[in-house]
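Single-structure report; data block below.
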Amino acid sequence: QVQLVESGGGLVQAGDSLRLSCAGSGGTFSRYVMGWFRQAPGKERDFVAGISLNGERTKFADFVKGRFTISRDNAKNTVYLQMNSLKPEDTAAYLCAARSSVPGVVEVPPRNHGAYDSWGQGTQVTIPS
């Protein structure tokens, strides 16, 4: 299984931007559909965005559409989450996840966190109100 490490979180002001990175190792990164989730204390783990094996398909939660983008660089074994116009309600731990898929198949990234096989430890994003 691929091991995942997130980075790029921090404390920023409302309206600012952050770019999160998730580096994979120990597996063939291009064979994994990648997703970003977030979880605030005492709340459910929510799907944020996902991207197919080669970036052909992306999916976003309604609450980030138009503000966040997801991309991947398979040569660098890394997936990114660009977050713009951040709001206090975006405060959460952001986790990267990988789902093993079939090369050559354009799989739409699932929203269900149970569909993913590997998880990172998360990176904290805080936007004070």
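Since the structure is predicted, the reported quantities are computational estimates derived from the model, not experimental observations. Just so it is clear, the values below take in all heavy atoms, side chains as well, and ignore hydrogens, waters and symmetry mates.
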query: Which value, rounded to the nearest 0.5 Å, describes the distance between L20 atom CG and F68 atom CZ?
result: 8.0 Å

- line: K43 and Q39 have their tightest heavy-atom pair at O-NE2, 3.1 Å

statement: For Q82 and S17, the nearest pair of non-hydrogen atoms, with its separation, is NE2-CB, 3.9 Å

- prompt: So if you build clusters from Ile, Leu, Val, Met, Phe, Trp, Tyr with side-chain heavy-atom gaps below 4.5 Å, do V125 and F47 land together?
  reply: no

field: Spacing of K65 atom NZ and K59 atom NZ [to the nearest 0.5 Å]
entry: 9.5 Å

- prompt: For E44, does the CD atom sit with more than 12 other heavy atoms under 6.0 Å from it, leaving out its own atoms?
  reply: no

message: With clusters defined by side-chain heavy atoms of hydrophobic residues (ILVMFWY) lying less than 4.5 Å apart, directly or transitively, does L18 cluster with L11?
response: no

- prompt: So how far is it from S100 OG to R31 CZ, rounded to the nearest 0.5 Å?
  reply: 8.5 Å

- request: Could you pull out the closest heavy-atom pair between N77 and F29, with the gap in Å?
  value: OD1-CB, 3.3 Å

- line: Taking every heavy atom of S52 against every heavy atom of P109, the minimum-distance pair comes out as N-CG, 3.8 Å

- request: May I ask you to test the Y32-I51 pair for a side-chain heavy-atom distance under 4.5 Å?
  value: no

field: Shortest non-hydrogen contact between G55 and R72, atoms and distance
entry: N-CD, 4.0 Å

message: Between V108 and V106, is there shared hydrophobic-cluster membership here, with clusters defined by ILVMFWY side-chain heavy atoms closer than 4.5 Å?
response: no

field: Donor-acceptor contact present, side-chain T91 to main-chain I127, <3.5 Å
entry: yes

message: For G122, is there any backbone N or O sitting under 3.5 Å from a side-chain donor or acceptor partner on E6?
response: yes

field: Y116/R99 under side chain to side chain donor-acceptor pair (under 3.5 Å): CA gap, chis, key distance, verdict
entry: CA-CA 4 Å; Y116 291 81; R99 169 180 167 82; over 6 Å; no

- request: Start with the C-alpha distance between C22 and W36, add both sets of side-chain angles, then the distance that settles side chain to side chain contact (heavy atoms under 4.5 Å, CB included), and finish with yes or no.
  value: CA-CA 9 Å; C22 171; W36 283 98; 3.6 Å; yes

- request: For R67 and S85, indicate whether the former's side chain and the latter's backbone hold a donor-acceptor pair under 3.5 Å.
  value: yes

message: Quick check: is Y80 connected to V2 through a chain of hydrophobic side chains (ILVMFWY, heavy atoms under 4.5 Å apart)?
response: no

- prompt: With the 4.5 Å side-chain cut-off for hydrophobic clustering, are L86 and L95 part of the same group?
  reply: no

query: Closest heavy-atom contact between C96 and M34?
result: SG-CE, 3.5 Å

- prompt: Do V33 and L53 have side chains that get closer than 4.5 Å, going by heavy atoms?
  reply: yes

- request: Would you kindly check if the NZ (Lys) or CZ (Arg) of R45 is within the cone defined by 45 degrees around the ring axis of F37 and under 6.0 Å from the six-membered ring centre?
  value: no

statement: CG of L81 to OG1 of T69, rounded to nearest 0.5 Å, is 7.0 Å

message: Could you check whether any side-chain N or O of N54 sits under 3.5 Å from a backbone N or O of E56, counting only pairs where one atom can act as donor and the other as acceptor?
response: no

- request: In sequence, state the C-alpha distance, the side-chain angles, and the governing distance for D90 and K87, and then conclude on salt bridge (Lys or Arg N to Asp or Glu O under 4.0 Å).
  value: CA-CA 5 Å; D90 294 319; K87 305 175 182 179; over 6 Å; no

